[in-house]
2 protein chains.
Amino acid sequence: MAKPRIPPANGDSPDRWEAQLRKGALEMAALASLWQGPLYGLEIIRFLESQSSLVLAEGTIYPILNRLKAEDLLAAEWVEVETGHPRKYYSLTESGRHRLRRMADAWMSFSGGLSRLLGPVLERQEIAP
Amino acid sequence: MAKPRIPPANGDSPDRWEAQLRKGALEMAALASLWQGPLYGLEIIRFLESQSSLVLAEGTIYPILNRLKAEDLLAAEWVEVETGHPRKYYSLTESGRHRLRRMADAWMSFSGGLSRLLGPVLERQEIAP
DNA sequence: GCATAATACTTTGCTAAGCTAGGTATGTTG
DNA sequence: CAACATACCTAGCTTAGCAAAGTATTATGC
């Protein structure tokens, strides 16, 4: 009984590029989701979806979390909950906070450059009655 | 005599994530560089570098251009120049302009979501006496 | 005129990363 | 105990950028 997930995303669909855009931004987003406090895996997925419209599959977030943990940017801790199953809570390490700040800086610069580039493209769209 | 290009970028360097960020943004950037008029390959590289700090290798831009051309988002035309060698000028097709506009919209939404996410991270940096 | 250099475009092979589609483990409910 | 829900993990595929090489055309040096 396969859980129906995100639609297949046809190989040559015009939306494919959008999927690629996400690459690399996801690590940063995962780190950012923990800025205000620890969350566990599925919670991160829900947080990102609600806060930034980023939709990640489980098969995407867990490898990312493991990668970040291997780099000591995250710490993980199993927590038993009364009503439920153990959860692995992730939190930012000191080095993770530091890295995230640098990533955020680089992101602003990167996205600024791109937005500048897109300025002329978007210009005429300011027809908003 | 191999041309020395972009520095090696050590495999596990802390900058690797930055390289990934670019993925997917490059197609859009390539299209955007042609918004104001046709350019040829190397010119696109120089344009992006000067306008947005995006540095692309030749082995990166040409596959992108061919991909975009195969999708009819770009048109290509060989042009002979007096002092020099033939150049392949790329220009946006109607469908390319249309797609770029949609990409730009999606980009603004995507980058807006991420910037919102990064808000708290960047907040404390406004200590500028 | 043939070698060298410069410019411009192309191709090959590698690697990294996300995604689909499974799977496992733990706990709850009938 | 069976069925289900929650939470986490893994394998294999695909895509895309990149480094490094190669080809083609024109200009320059001897």
Side-chain angles (χ1 to χ4, degrees), chain A residues 1-13 15-30 39-46 48 54-70 76-90, chain B residues 1-13 15-30 39-46 48 54-70 76-90:
Chain A
M1 195 180 298
K3 308 184 225 171
R5 282 197 210 282
I6 304 161
N10 190 331
D12 54 320
S13 107
D15 305 324
R16 270 225 50 69
W17 78 273
E18 210 168 344
Q20 292 308 316
L21 230 199
R22 306 150 45 83
K23 296 204 176 188
L26 298 188
E27 273 193 11
M28 181 174 61
L39 299 173
Y40 65 94
L42 292 184
E43 215 173 4
I44 294 177
I45 293 180
R46 296 188 204 111
L48 289 178
L54 246 48
V55 181
L56 288 84
E58 297 174 29
T60 299
I61 193 67
Y62 290 112
I64 288 179
L65 291 173
N66 288 332
R67 225 156 54 221
L68 294 173
K69 182 169 180 299
E77 186 191 9
W78 282 102
V79 174
E80 311 275 340
V81 276
E82 298 175 10
T83 166
H85 350 270
R87 296 165 177 172
K88 204 177 197 172
Y89 276 84
Y90 290 90
Chain B
M1 193 181 300
K3 308 185 222 173
R5 282 198 210 283
I6 303 161
N10 192 331
D12 54 322
S13 107
D15 306 324
R16 270 225 50 67
W17 78 273
E18 209 169 344
Q20 291 309 316
L21 231 198
R22 307 149 45 82
K23 295 203 173 190
L26 297 189
E27 275 194 9
M28 183 175 60
L39 299 173
Y40 65 94
L42 292 184
E43 213 172 5
I44 294 177
I45 292 180
R46 297 189 204 113
L48 290 178
L54 247 50
V55 180
L56 289 83
E58 297 174 30
T60 299
I61 193 68
Y62 290 112
I64 288 177
L65 291 173
N66 288 332
R67 227 154 53 221
L68 295 173
K69 182 168 181 300
E77 185 191 9
W78 282 102
V79 174
E80 311 277 339
V81 276
E82 298 176 13
T83 166
H85 350 271
R87 297 164 176 174
K88 205 178 196 173
Y89 275 85
Y90 290 91

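Letters A, B, ... are given to chains in the order of the sequence lines, protein chains preceding strands, and every chain is numbered from 1.
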Worksheet entry | Length of the CG-P vector between L26(B) and dA17(C), whole Å | 15 Å
Fill in: Whole-Å distance separating the CD atom of E43(B) from the P atom of dT7(C)
14 Å
Worksheet item: Should R22(A) be listed as having a side-chain N or O under 4.0 Å from OP1 or OP2 of dA17(C)?
Response: no
Worksheet item: Phosphate oxygens OP1/OP2 of dA7(D): is one of them under 4.0 Å from a side-chain N or O of Y40(A)?
Response: yes
Practice prompt. For dT10(C), take OP1 and OP2 only and decide whether either is under 4.0 Å from a side-chain N or O of Y62(B).
Written response: no
Worksheet item: Once you round it to whole Å, what is the distance between C1' of dG17(D) and CG of L48(B)?
Response: 14 Å
Worksheet item: Under 3.5 Å, side chain of R22(B) to main-chain N/O of V55(B), donor-acceptor pair present?
Response: yes
Discussion item. From CD of E58(B) over to P of dA24(D), roughly how many Å is that when rounded to an integer?
Written reply: 17 Å
Discussion item. Take a 6.0 Å sphere around CD of E43(B) and say whether it holds more than 12 heavy atoms from other residues, nucleotides or ligands.
Written reply: yes
Worksheet entry | Stepwise side chain to side chain contact (heavy atoms under 4.5 Å, CB included) test for Y62(A) and L42(A) | CA-CA 9 Å; Y62(A) 290 112; L42(A) 292 184; 3.7 Å; yes
Worksheet item: Which comes earlier along DNA chain D counting from the 5' end, the contact point of K23(A) or that of P63(A), where each point is its nearest nucleotide?
Response: P63(A)
Worksheet item: When the distance from CE of M28(A) to P of dG18(C) is rounded to whole Å, what number comes out?
Response: 12 Å
Worksheet item: Taking all atoms of both residues into account, what is the closest heavy-atom pair of I64(B) and A30(B), and its distance?
Response: CG2-CB, 4.1 Å
Discussion item. Mind checking if E80(A) touches a base, just sugar-phosphate, or nothing, with heavy atoms under 4.0 Å?
Written reply: sugar-phosphate
Discussion item. Tell me the interatomic distance from L56(B), atom CG, to dC9(C), atom P, rounded to whole angstroms.
Written reply: 14 Å
Discussion item. Rounded to whole Å, please give me the gap between NE2 in H85(A) and C1' in dT6(D).
Written reply: 4 Å
Fill in: Minimum-distance nucleotide (side-chain atoms of Q20(B) versus dC8(D), dA19(D), dA16(C))
dA16(C)
Practice prompt. With the side chain of W78(A) defined as its heavy atoms from C-beta on, choose the nearest nucleotide among dC8(D), dA16(D), dT7(C).
Written response: dC8(D)
Worksheet item: Roughly how far, to the nearest 0.5 Å, is the CG atom of L56(B) from the CZ atom of R46(B)?
Response: 13.0 Å
Worksheet item: Reckon K88(B) touches a base, only the sugar-phosphate, or nothing at all at heavy-atom distances under 4.0 Å?
Response: sugar-phosphate
Item to complete: Choose from dT26(C), dC19(C), dT10(C) the nucleotide whose nearest atom is closest to any side-chain atom of P86(A).
Response: dT26(C)
Discussion item. Quick check for you: among dA16(D), dG18(C), dT26(C), whose closest atom lies nearest to any side-chain atom of T60(A)?
Written reply: dG18(C)
Practice prompt. Indicate, with a heavy-atom threshold strictly under 4.0 Å, whether Y89(B) touches base, sugar-phosphate, or nothing.
Written response: nothing
Worksheet item: Any side-chain N or O of R67(A) less than 4.0 Å from the OP1 or OP2 oxygen of dA16(C)?
Response: no
Discussion item. Of the options dA7(D), dT10(C), dG17(D), whose atoms approach the side-chain atoms of I64(B) most closely?
Written reply: dG17(D)
Worksheet item: Do the side chains of L26(B) and W17(A) get nearer than 4.5 Å, heavy atoms only?
Response: no
Worksheet item: Taking only N and O in the side chain of R87(B), is any of them less than 4.0 Å away from OP1 or OP2 of dA8(C)?
Response: yes
Worksheet item: How close or far is atom P of dA7(D) from atom OH of Y90(A), stated in whole angstroms?
Response: 14 Å
Discussion item. Looking only at the side chain of L42(B) (C-beta and beyond, no hydrogens), which of the listed nucleotides dT7(C), dA16(C), dT26(C) gets closest?
Written reply: dT7(C)
